[in-house]
Amino acid sequence: MYPIKIIIAGPRGRMGSEAVKLVTNTEHFQLVAAIDHKYDGMMLSDVEGFHAISNVPIYTDIHNCLQNVGADVLIDLTTPEVGMHHAKTALEYNVRPVVGTTGFSKEDLEELQQICQEKGLGCIIAPNFAIGAVLMMKFSQMAAKYFSDVEIIEMHHDQKLDAPSGTAVKTAEMISVVREAKKQGHPNEKETLQGARGAEHDGMHIHSVRLPGLIAHQQVLFGADGQTLTVRHDSYHRGSFMSGVKVAVETVVDQNTFVYGLENILG
Ligand SMILES: NC(=O)C1=CN([C@@H]2O[C@H](COP(=O)(O)OP(=O)(O)OC[C@H]3O[C@@H](n4cnc5c(N)ncnc54)[C@H](OP(=O)(O)O)[C@@H]3O)[C@@H](O)[C@H]2O)C=CC1
Ligand SMILES: O=C(O)C1=N[C@H](C(=O)O)C[C@H](O)C1
């Protein structure tokens, strides 16, 4: 079983490079290959920033990679379109995906769940690997039982491609499970500037802030007569996500079902 053999897709990225550090510094993990859209046929050690990492070939074609390298888990930290293709292809080769990439549609998630069911394989899609963020979502779900008026404000660095964030969508979905359905705000409210009220999920509003200097932050604001409650989480650097990636990898190898959200695997 050990070491767990891992492929990382997106190794040069902000998250992927942290994942390379995690995997290569963890005794029972082994980085067996990287998938990138550049540097085909080269070794990771030939790429700037990875000179100390030996014996890790880079593939630009996932089929080629999975045919040539024996792996247990694929960690994907790329972009939504690429991430979906990678997750489906990994399952085709009986490799279990751990996907941090956000921006998957409901249909994407349903399709992956279906494949996992058919193949009896595990797959973890985690919109946020930070334990504090998972708690922020759970606390928000608890609060929503008592406060049905809620606004989600997510704040990220300005290089982020998707809006709203995967975490904000997941938070809204978790709140929807317990919240009495309602359309918030005044019934006659009108936006005089389009987008002023943000995006809408089941009548609750999600606002996306993008600024240089930010990493990943979210606050969930609840309001009721004469009071407000704010649940907030901040990631100040990407190391904050790595303990969640580690747990996900360790869990998925023994798992035969599809999981969406780290809260479903934490004890
Ligand atoms: N679940 C979680 O806890 C977290 C999730 N995320 C999510 O992870 C994803 C990555 O984020 P981040 O690291 O900030 O983004 P980056 O843009 O820094 O990294 C993405 C990497 O993927 C590479 N890439 C693009 N296309 C391909 C491809 N076809 N094959 C392999 N690699 C490819 C990019 O290369 P190039 O730059 O050359 O295009 C880049 O190196 C996003 O979806 C983000 O929302 C982020 C933080 C935490
Ligand atoms: O792109 C990011 O940076 C992040 N993406 C994830 C999301 O969309 O929720 C997780 C975290 O917020 C950082």
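Just follow the structure's listing: the first ligand is 1, and inside any ligand the first atom is 1. Computed over heavy atoms, backbone and side chain alike; hydrogens, waters and symmetry mates excluded.
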Suppose the criterion is side chain to side chain donor-acceptor pair (under 3.5 Å): which pairs have a residue in residues 42-61, not counting sequence neighbours? D40-T60
Side chains of Q114 and E118: any donor to acceptor distance under 3.5 Å? yes
Taking the basic N atoms (NZ, or NE/NH1/NH2) and the acidic carboxylate oxygens, is any pair closer than 4.0 Å for K182 and D149? yes
Evaluate E173 against Y260 for side-chain hydrogen bond (donor to acceptor under 3.5 Å, both in side chains), listing each step before the verdict. CA-CA 11 Å; E173 289 168 354; Y260 170 49; 2.9 Å; yes
Between M84 and F104 the two heavy atoms that sit nearest each other are N-CZ, 3.6 Å
Which protein residues have a heavy atom closer than 4.0 Å to any atom of ligand 1, listed by chain and number? G10, R12, G13, R14, M15, I35, D36, H37, K38, L77, T78, V82, H86, G100, T101, T102, A126, P127, N128, F129, K160, D162, F241
Report whether I124 and V99 are members of the same hydrophobic cluster (ILVMFWY, side-chain heavy atoms less than 4.5 Å apart, transitive linking). no
For residues 90-98, which side-chain N or O atoms pair as donor and acceptor with protein atoms under 3.5 Å away, sequence neighbours left out?
from	atom 1	to	atom 2	distance (Å)
Y93	OH	H63	ND1	2.9
Y93	OH	Q67	NE2	2.9
N94	OD1	K119	NZ	3.2
R96	NE	V252	O	3.1
R96	NE	Q255	O	2.9
R96	NH2	Q255	O	3.3
R96	NH2	N256	OD1	2.8

Contact residues of ligand 2, where a non-hydrogen atom lies under 4.0 Å away: T102, P127, N128, H156, H157, K160, D162, S165, G166, T167, A216, F241
Hey, could you give me the CD/CG distance between E154 and N128, rounded to the nearest 0.5 Å? 11.0 Å
Run the numbers on E250 and H28 for side-chain hydrogen bond (donor to acceptor under 3.5 Å, both in side chains), then give the verdict. CA-CA 9 Å; E250 288 166 347; H28 57 286; 2.8 Å; yes
